[in-house]
Amino acid sequence: GENVEQHPSTLSVQEGDSAVIKCTYSDSASNYFPWYKQELGKGPQLIIDIRSNVGEKKDQRIAVTLNKTAKHFSLHITETQPEDSAVYFCAASKRNRDDKIIFGKGTRLHILP
Amino acid sequence: DAMVIQNPRYQVTQFGKPVTLSCSQTLNHNVMYWYQQKSSQAPKLLFHYYDKDFNNEADTPDNFQSRRPNTSFCFLDIRSPGLGDAAMYLCATSPEIGGGEQYFGPGTRLTVT
């Protein structure tokens with residue numbers, strides 16, 4: 001089955017700097033890659049996703065890149081702000097009836113003042 | 001606003017005393033999921049419904065049951081909670097089956113005493 005590895009497990013960046021979180025997946029049939037942000041005491045929130053037919057997607061300060069050949073995808077947050085502090089989960093799925101999304105183990109992002 | 005609602009937000013139960021957690025949604029999504037999330041871990045899928053079709057994950061303990069009386073509501077029943085069942089329980093919905101975008105509720109924090 002699919003396996004998603006996520007690195008780093010913890011990341012501290014100075015406010016205003018960029019943060020990058022990387023994930024790799026094992027199943028080449030996976031074609032959907034969402035990213036979730038989970039703040040303390042809340043449920044995960046979908047912040048951006050990418051399908052396998054594109055290599056990059058951007059939404060304001062966040063962007064996701066996908067390298068299908070290498071089977072890895074990354075989340076980029078630019079101009080980080082205190083409210084970006086949270087746990088971020090990457091995930092992968094094949095988007096067919098019998099499938100489910102497989103989460104990475106998460107990255108705790110700290111934005112330092 | 002369309003949303004996923006979970007009640008209660010915090011639940012304390014005694015060891016072995018049955019407990020029911022509830023989830024409702026105004027998104028009119030066909031698919032509903034229940035996840036268990038323990039501290040510093042990714043959400044773990046327990047089961048999901050596609051309309052009324054119920055799908056149990058192979059490693060979900062028999063102690064956990066679910067009901068979906070209609071499109072809007074879904075319940076998680078824990079028949080005999082053990083100390084190891086203390087966790088955050090997350091409900092999520094999706095407009096499509098098979099690992100597409102999921103929308104999470106705020107979660108119910110279960111404590112077992």
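These numbers come from a predicted model, not from an experiment. Note on naming: letters A, B, ... go to the chains in the order of the sequence lines (proteins, then strands), and numbering restarts at 1 for each one.
Looking at B/E101, both its backbone and its side chain come within 4.5 Å of chain A, counting heavy atoms on both sides. Proximity to chain B (any heavy atom under 4.5 Å) is shown, for A/P44, by both the backbone and the side chain. Proximity to chain A (any heavy atom under 4.5 Å) is restricted, for B/Y35, to the side chain, taken from C-beta onward.
Residue B/D59 qualifies as enclosed at atom CG: its count of foreign heavy atoms under 6.0 Å is above 12.
Of all non-hydrogen atoms in B/V112 and B/Q14, the two that sit nearest each other are CG1-C, 4.2 Å.
Ring orientation note: the planes of B/Y49 and B/F54 are tilted relative to one another, at an angle of 30° to 60°.
Using a 4.5 Å heavy-atom cutoff, the side chains of A/F89 and A/Q38 are in contact.
The candidate with the highest count of non-hydrogen atom pairs below 4.5 Å against chain A, out of B/Q37, B/K44, B/Q6, B/R9, is B/Q37.
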